[in-house]
Amino acid sequence: MNYRHAFHAGNFADVFKHVVLCRILNYLREKPAAFRVIDTHAGEGLYDLTTSEARRGGEWSAGIGRLVAAADTRPIPADAAALLKPYFDVIGALNERGQIKVYPGSPAVARAFLRPQDKLIACELEPAAVRQLVRHLDNDGRIKTIAIDGWTALGAYVPPPERRGLVLVDPPFEEEADFHRLSHLLGIAHRKWATGIYALWYPIKGRGEADALAKRVRKLGIAKVLRAEHLVSAVSDQSRLNGSGLILVNPPWTLEAELKVLLPVLARLLGREINNGSYRLDWLSGEN
Ligand code: SAM
């Protein structure tokens, strides 16, 4: 395992993923019944953007850096700004106004939405990342950090006792096999827990692997699957990350309309060059 999320924390792909995560968590909080979040590839939990890794990567400045600057200078329409508020609240709680020094990973984002009755299982395999994850999140009785293979966790922890909740699957994609694991293990988990919400993240360099993943997910015969993609540039240069996508199984009924507002704004603000961003939002099955 060579992947270190510290180089990428807060980049455009994190922003897209965490904005959607916040909308799902916001929805889950609206009903009093307890929910559980299962984060299969949790990372370190919190990222210090002033470290040499974060500075060397510099990716956060074209992600959260740009979005926060836009929020301050107000080119974000009011409907999108209202939907972004829970995400900005999570970032704001960790940083002084006007200075982004800390960026939350997915388990810290999830923690911000937990009520006393809710739970989070955060799984991570890379030993140094596990140590950080424990340091950042393990002092909270609602949260269990576990050093386990995330793919094993995906099968082992569903269905959760609460029967309401979200499984986030966000592997490093160091190997192409992760694309295949994603669809294969979604099929197995969904057979065990058909009513859970699943959010599966994938990178987009070219269209090939992303389209093949969509095709395999369609074949699983799951009733409701929404696909959201956010691109910061055309896919002409396939050696770099041009965007990312989320396969959303059983999305909250509110999410499609919210993404119709949010995705054009993220595409406009986070494009690699001016007007170079784009998005896609469609149902792989159901709801069309
Ligand atoms: N979900 C995190 C977030 O949004 O902040 C980022 C996760 S990062 C893309 C992927 C993480 O998976 C890395 O921290 C990596 O160490 C970890 N990882 C790699 N292989 C794994 C495995 N088999 N099981 C669990 N975690 C793994």
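For reference, positions follow the sequence shown, starting with 1. All values derive from a computational prediction rather than experimental measurement. Counting starts at 1 for both ligands and their atoms, in listed order.
For residues 7-30, the set of pairs meeting the salt bridge (charged side-chain N to carboxylate O under 4.0 Å, His left out) definition, not counting sequence neighbours, comprises Asp14-Lys17, Lys17-Asp170, Arg23-Glu258.
Among protein heavy atoms, the minimum distance from atom 20 (N) of ligand 1 is reached at Met1 SD, 3.4 Å. Looking only at heavy atoms of the protein, atom 3 (C) of ligand 1 is closest to Ser106 OG, 3.1 Å. The nearest heavy-atom contact from the protein to atom 10 (C) of ligand 1 is Asp170 O, 3.4 Å. Protein heavy atom closest to atom 23 (N) of ligand 1, with residue, atom name and distance, is Asp149 OD1, 2.6 Å. Of all protein heavy atoms, the one lying nearest to atom 12 (O) of ligand 1 is His41 CB, 3.5 Å.
At least one heavy atom of Ala42 sits less than 4.0 Å from an atom of ligand 1. In this structure, Thr40 counts as a contact residue of ligand 1, since one of its heavy atoms falls inside 4.0 Å of the ligand. Residue contact annotation: His18 has a non-hydrogen atom under 4.0 Å from ligand 1. Remark: distances from the non-hydrogen atoms of Ile148 to ligand 1 include one below 4.0 Å.
Polar contact with ligand 1: absent for Tyr3 (N/O pair, distance under 3.5 Å). Ligand 1 has a nitrogen or oxygen under 3.5 angstrom from a nitrogen or oxygen of Gly150. Ligand 1 has no nitrogen or oxygen under 3.5 angstrom from a nitrogen or oxygen of Asp14. Residue Glu44 places no N or O, backbone or side chain, under 3.5 Å from any N or O of ligand 1.
Which parts of ligand 1 touch Glu126 is read off a 4.0 Å heavy-atom cut-off, strictly below it: atoms 16 (O). Distances below 4.0 Å separate heavy atoms of Gly43 from the following atoms of ligand 1: 14 (O). The contact set between ligand 1 and Lys17, taken as ligand atoms under 4.0 Å from a residue heavy atom, comprises 3 (C), 4 (O). Atoms of ligand 1 found under 4.0 Å from any heavy atom of Gly105, numbered from 1 in the order shown, are 5 (O).
Taking the ring centroids of His18 and Tyr87, they lie at or beyond the 6.0 Å cut-off.
In this structure, a donor-acceptor pair under 3.5 Å is present between the side chains of Asp39 and Ser106. Between the side chains of Asn2 and Arg4, no donor-acceptor pair of N or O atoms lies under 3.5 Å. Using modelled atom types and a 3.5 Å distance limit, the side chains of Glu229 and Tyr202 yield a donor-acceptor pair.
For Tyr279, the side chain to side chain contact (heavy atoms under 4.5 Å, CB included) test picks out Leu263, Pro264, Ala267, with sequence neighbours left out.
When the shell of 6.0 Å around NZ of Lys219 is examined, it contains 12 or fewer heavy atoms from other residues, nucleotides or ligands. Heavy atoms of other residues, nucleotides or ligands lying less than 6.0 angstrom from CZ of Arg97 number 12 at most.
To the nearest 0.5 Å, atom CG of residue Leu120 and atom CG of residue Asp140 are 8.5 Å apart.
Closest heavy-atom approach to atom 15 (C) of ligand 1 among the candidates His8, Glu124, Arg4: Glu124.
Each of Leu200, Val37, Thr40, Val249 was compared with Val167 under the side-chain contact (heavy atoms from CB on, under 4.5 Å) criterion, and only Thr40 meets it.
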message = Between His41 and Trp201, is the ring pair (Phe, Tyr, Trp, His ring centres under 6.0 Å) condition met? List the steps.
response = CA-CA 11 Å; His41 297 72; Trp201 184 91; over 10 Å; no
